[in-house]
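Notes for the one structure printed next.
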Protein chains: 2
Amino acid sequence: MKNTRNTIAKAAIFELIKNSKVALSHAEIQELNQEACDRVTIYRILDRLTAEDVIHKIVTPSGTVKYAACHHADHEEQHHVHNHVHFNCEVCQLVTCLENVEPTFKLPANYKVNQVNFTVSGICPSCAL
Amino acid sequence: MKNTRNTIAKAAIFELIKNSKVALSHAEIQELNQEACDRVTIYRILDRLTAEDVIHKIVTPSGTVKYAACHHADHEEQHHVHNHVHFNCEVCQLVTCLENVEPTFKLPANYKVNQVNFTVSGICPSCAL
DNA sequence: AATTAAACGCAACAAAGTTGCATTTAAGAA
DNA sequence: TTCTTAAATGCAACTTTGTTGCGTTTAATT
């Protein structure tokens, strides 16, 4: 893998994502980061963090892209597959990782899986009250 | 539901999607339709067809939006949930509906599901040869 | 044939993401 | 510590994707 550097901007953005209980979009990250770095830089940092497998990309049914921290053990060698469910509340719009919900399914023969994206939309417990 | 009309453009676009073995993006539909109608009109037709539940929207892990025909029985009354898996081949880029693959999963209490988006990326049997 | 609201085309706009290039900077080497 | 250099950044420009408003056209009913 290509060398990557630990820059201030990268660390700051990773902190934002790691400390957030919900997945964040590029726009949200930019705002939370107080415009401390360029729009383009954020795109590039998100790409790097995703490639390094410390965050993962989530695409909601409405098409918005969000990012969340990975919670797998650091020592895992192989590229992690994020096969847990992401819940997208239609009321509060928040996207949360349901780390414990891993769907089971069986593909026909000869399909090779590299990546999965399981997103469920609906109403979360908080908004259902 | 609001009245909808069967226009030439709508019928043409529905035919394109229905006759395609793979899910189509807006750009692909526009090209296949020979620019016979406006870009905006295609967006509006896709929205209508989706609302009428004769096509469904698929969002791939890379964030591209595609549309595929629905193959459920016409007489179903309730709004259909497309809980089958969509496979996105990373080589040929084609997105196909695996109608028979329906993942099972169990959400924590009090989550209400309205919509699901299950997409798996990898290599399809044709490209694996 | 007349009516009317849905659908359309067009222009303008907004949001999201990409690319090229000159400048800055992190991190290892001297 | 300073030197070196490739990674990272900022900025401008651009593309792609999706939206909105409005005047005109057209499908479907009367």
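So you know, we letter chains A, B, ... as the sequences are listed, proteins then strands, and number each from 1.
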Residues in residues 5-18 of chain B with a heavy atom under 4.0 Å of DNA chain D, by number, are B:Arg5, B:Asn6
To the nearest Å, give me how far apart CZ (A:Arg48) and P (C:dA26) are.
12 Å
Whichever hydrophobic residues join B:Ile58 through chains of side-chain contacts under 4.5 Å:
B:Val95
Show, in sequence, the C-alpha distance, side-chain angles and deciding distance for B:His84 and B:His71, and conclude whether the ring-ring contact (aromatic ring centres under 6.0 Å, His included) test is met.
CA-CA 11 Å; B:His84 59 269; B:His71 291 134; 8.4 Å; no
Could you check whether the rings of A:Phe87 and B:Tyr111 sit parallel, tilted or perpendicular, using 30° and 60° as the cut-offs?
perpendicular
A:Thr119 versus A:Val59, closest heavy-atom pair with distance
OG1-O, 3.1 Å
If a pair satisfies salt bridge (Lys or Arg N to Asp or Glu O under 4.0 Å) and one of its residues is in residues 101-129 of chain A, list it, with sequence neighbours excluded.
none
Between CG of A:Leu46 and C1' of C:dT18 the distance, given in whole Å, is 14 Å
Using five pairs at each end of the helix from C:dA1-D:dT30 to C:dA30-D:dT1 to define an axis, what is the angle between those two axes, to 10°?
40°
To the nearest Å, give me how far apart CG (A:Asn3) and C1' (C:dG28) are.
10 Å
By ring-ring contact (aromatic ring centres under 6.0 Å, His included), which residues pair with B:Tyr67, not counting sequence neighbours?
none
Which class fits the ring pair A:Phe105 and A:Phe118: parallel under 30°, tilted 30 to 60°, perpendicular over 60°?
perpendicular
Linking Ile, Leu, Val, Met, Phe, Trp and Tyr by side-chain heavy atoms under 4.5 Å, what else ends up with A:Ile123?
A:Val91
Indicate yes or no for a side-chain donor-acceptor contact from B:Ser20 to the backbone of B:Leu16 under 3.5 Å, with no hydrogens or angles considered.
no
Using the side chain to side chain contact (heavy atoms under 4.5 Å, CB included) criterion, which residues pair with B:Glu90? Sequence neighbours excluded.
A:Asn114, A:Gln115, B:Ser121
Here the salt bridge (Lys or Arg N to Asp or Glu O under 4.0 Å) pairs for residues 9-25 of chain B, sequence neighbours left out, are B:Lys10-B:Glu52, B:Glu15-B:Lys18
Quick one, which residues of residues 35-45 of chain A touch DNA chain C with a heavy atom under 4.0 Å?
A:Arg39, A:Val40, A:Tyr43, A:Arg44
What pairs meet the salt bridge (Lys or Arg N to Asp or Glu O under 4.0 Å) rule with one or both residues in residues 57-68 of chain B, with sequence neighbours excluded?
B:Glu28-B:Lys66
To the nearest angstrom, how far is B:Asp47 atom CG from D:dT20 atom P?
10 Å
Rest of the hydrophobic cluster containing B:Ile8 (Ile/Leu/Val/Met/Phe/Trp/Tyr, side-chain heavy atoms under 4.5 Å)?
none
Sorted by number, residues from residues 88-95 of chain A placing a heavy atom under 4.0 Å from DNA chain C are none
